[in-house]
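Read the structure below first, then the notes.
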Amino acid sequence: MTTYSFAGCLQNSQRINWRLDEVLGDRDFDPRKRWLPQALSGADAVRCLDDDEKRKLTHVEMAAYAHLFGYVEEFIAPKIAELACDHRESDRTAFHALTSFAAEEVKHMTLFRLLRDRIDAKMGFGLQLVGDAEGTATYVLGKSPGAVLLLTACIEWFTQRHYRECFVEDATLDPFVRHVFKMHWLEESQHARMDHLETLRVFTASDDAERDRAVDDLIDLVAAVDGLLQMQAGFDVDNLSRYLGREFDQRAREEILASVLRAKRHTFLASGVTHPRFQELFLEVTTPAQQERVGAALGALLAGDAATV
Ligand SMILES: [Fe+2]
Ligand SMILES: [Fe+2]
């Protein structure tokens with residue numbers, strides 16, 4: 001079993017912590033490059049687009065990718081701030097580490113908002129992106145803490161995987177994009193570990209009925225995430241059409257939509273739930289029957305993708 005400590009996370013967090021102006025500066029996107037790694041993009045699988053159009057699809061997909069991080073951080077930050085208070089009197093180090101975690105997520109929200117402005121300016125129009133992040137955060141925060149923490153763990157671990165396995169490896173990628181997600185990854189490394197510790201704490205303090213409710217809630221949250229991905233995939237097609245100044249016929253639209261949605265489900269669900277550290281955590285806090293229920297729900301969404309948890 002992997003062990004982490006709040007003291008170690010706090011030490012790393014204080015060493016790494018960066019300022020927004022250091023990350024953004026006067027850096028800019030290069031539209032001649034791809035903006036999202038091949039492994040996270042649906043562009044290459046689309047046959048009705050030429051190479052130039054595929055590259056532009058990665059621009060649209062990266063805008064959505066960055067936006068969705070800021071979107072989920074709207075519920076991660078308040079949940080972690082709330083959990084931090086549980087340690088206020090008993091463990092100052094955990095209190096400090098978790099409040100720093102929450103503060104970093106708030107900073108990341110600002111990072112992705114500022115990035116969105118630069119993307120819109122570069123592409124020449126305001127991209128359509130899923131809205132009502134506050135309403136979604138309220139919905140998620142109404143679910144049981146164990147469910148929110150498991151969903152958050154999935155997100156934190158796929159952030160690790162994406163940078164280390166996809167952003168680093170793709171030589172065709174825009175350097176500014178790689179830089180932003182490197183800096184995000186550096187701070188997220190501590191979040192993944194602290195989320196692991198808090199998930200264990202919350203599940204240990206729960207009774208059987210509460211754990212079962214957390215699993216039901218997790219299944220609801222996964223369905224809600226998929227609903228957002230479906231909506232954003234549709235917006236991506238609209239954004240691409242506007243970016244290219246080209247109307248798609250129904251067949252082309254359906255082909256692009258299917259490929260973009262497949263890539264988003266891989267990116268935001270499959271690559272998280274199959275991460276070894278997430279699997280280790282999930283197996284530790286759930287029973288085989290609960291694992292089967294979550295596996296069935298994911299399997300229905302990720303047909304053809306790796307959905308084993
Ligand atoms: Fe973040
Ligand atoms: Fe995070």
Side-chain angles (χ1 to χ4, degrees), residues 2 4-6 8-24 36 40 62-84 94-116 119 129-130 133-134 136-137 140-141 145-167 177-202 221 225 228 267-269 271-273 275 277-278 281:
T2 312
Y4 307 117
S5 73
F6 284 113
C9 289
L10 181 59
Q11 202 175 29
N12 282 342
S13 158
Q14 289 175 331
R15 185 171 50 82
I16 286 161
N17 197 281
W18 41 257
R19 295 195 322 267
L20 284 164
D21 60 312
E22 289 172 332
V23 171
L24 295 173
L36 197 65
L40 304 178
M62 191 282 289
Y65 179 77
H67 175 68
L68 285 167
F69 270 115
Y71 198 94
V72 297
E73 282 158 348
E74 293 278 351
F75 69 77
I76 296 174
K79 175 50 72 184
I80 297 302
E82 180 193 319
L83 292 165
F95 185 46
H96 192 171
L98 287 165
T99 49
S100 299
F101 174 172
E104 285 170 3
E105 294 293 37
V106 176
K107 180 178 65 178
H108 297 173
M109 282 183 229
T110 307
L111 170 73
F112 292 120
R113 279 183 197 169
L114 293 170
L115 215 55
R116 178 179 177 169
I119 292 167
L129 299 163
V130 285
E134 295 79 9
T136 300
V140 174
L141 292 169
V148 180
L149 281 166
L150 280 173
L151 178 64
T152 304
C154 171
I155 294 166
E156 310 285 12
W157 285 117
F158 74 54
T159 308
Q160 301 300 293
R161 174 172 258 177
H162 294 177
Y163 182 72
R164 298 175 76 131
E165 297 179 14
C166 309
F167 282 87
V177 170
R178 187 188 286 117
H179 173 71
V180 165
F181 288 101
K182 177 182 180 182
M183 301 314 280
H184 188 237
W185 161 72
L186 283 171
E187 293 192 342
E188 293 291 326
S189 302
Q190 284 66 254
H191 299 183
R193 288 158 179 77
M194 285 190 269
D195 190 275
H196 181 105
L197 290 169
E198 284 299 280
T199 306
L200 290 179
R201 181 175 72 85
V202 164
L221 290 175
V225 169
L228 287 171
T267 301
F268 287 94
L269 292 171
S271 71
V273 297
H275 192 292
R277 297 284 83 77
F278 177 81
L281 177 65

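For ligands, and for the atoms within them, numbers begin at 1 and follow the listed sequence. Since the structure is predicted, the reported quantities are computational estimates derived from the model, not experimental observations.
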* Asked: Does the gap between the ring centers of His108 and Trp185 come in under 6.0 Å?
  ->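 Centroid distance His108-Trp185: not below 6.0 Å, so no.
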* Asked: Hey, mind stepping through Ser189 and Gln160 against side-chain hydrogen bond (donor to acceptor under 3.5 Å, both in side chains) and telling me if it holds?
  -> CA-CA 7 Å; Ser189 302; Gln160 301 300 293; 3.0 Å; yes
[Y] versus [X], side-chain donor and acceptor atoms under 3.5 Å:
{"X": "Tyr71", "Y": "Thr136", "value": "yes"}
{"X": "His191", "Y": "Glu104", "value": "yes"}
{"X": "Ser271", "Y": "His162", "value": "yes"}

* **Mutual orientation of the aromatic rings belonging to Phe112 and His184 [parallel < 30°, tilted 30-60°, perpendicular > 60°]** =>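 Phe112 and His184: perpendicular rings.
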* Would you call Arg113-Glu74 a salt bridge at under 4.0 Å N-O? -> yes
* Is the Fe ion (ligand 2) less than 2.8 Å from an N/O/S atom of Asp195, whether that atom is in the backbone or a side chain? ->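 Within the cut-off used here (under 2.8 Å), Asp195 places no N, O or S atom near the Fe ion (ligand 2).
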* Looking at Glu156, pick out the N, O or S atom nearest to the Fe ion (ligand 2) and give its name. => OE1
* Asked: Around the Fe ion (ligand 1), what protein N, O or S atoms are found below 2.8 Å?
  ->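 Atoms qualifying: Glu73 OE2, Glu105 OE1, His108 ND1, His184 NE2, Glu188 OE2.
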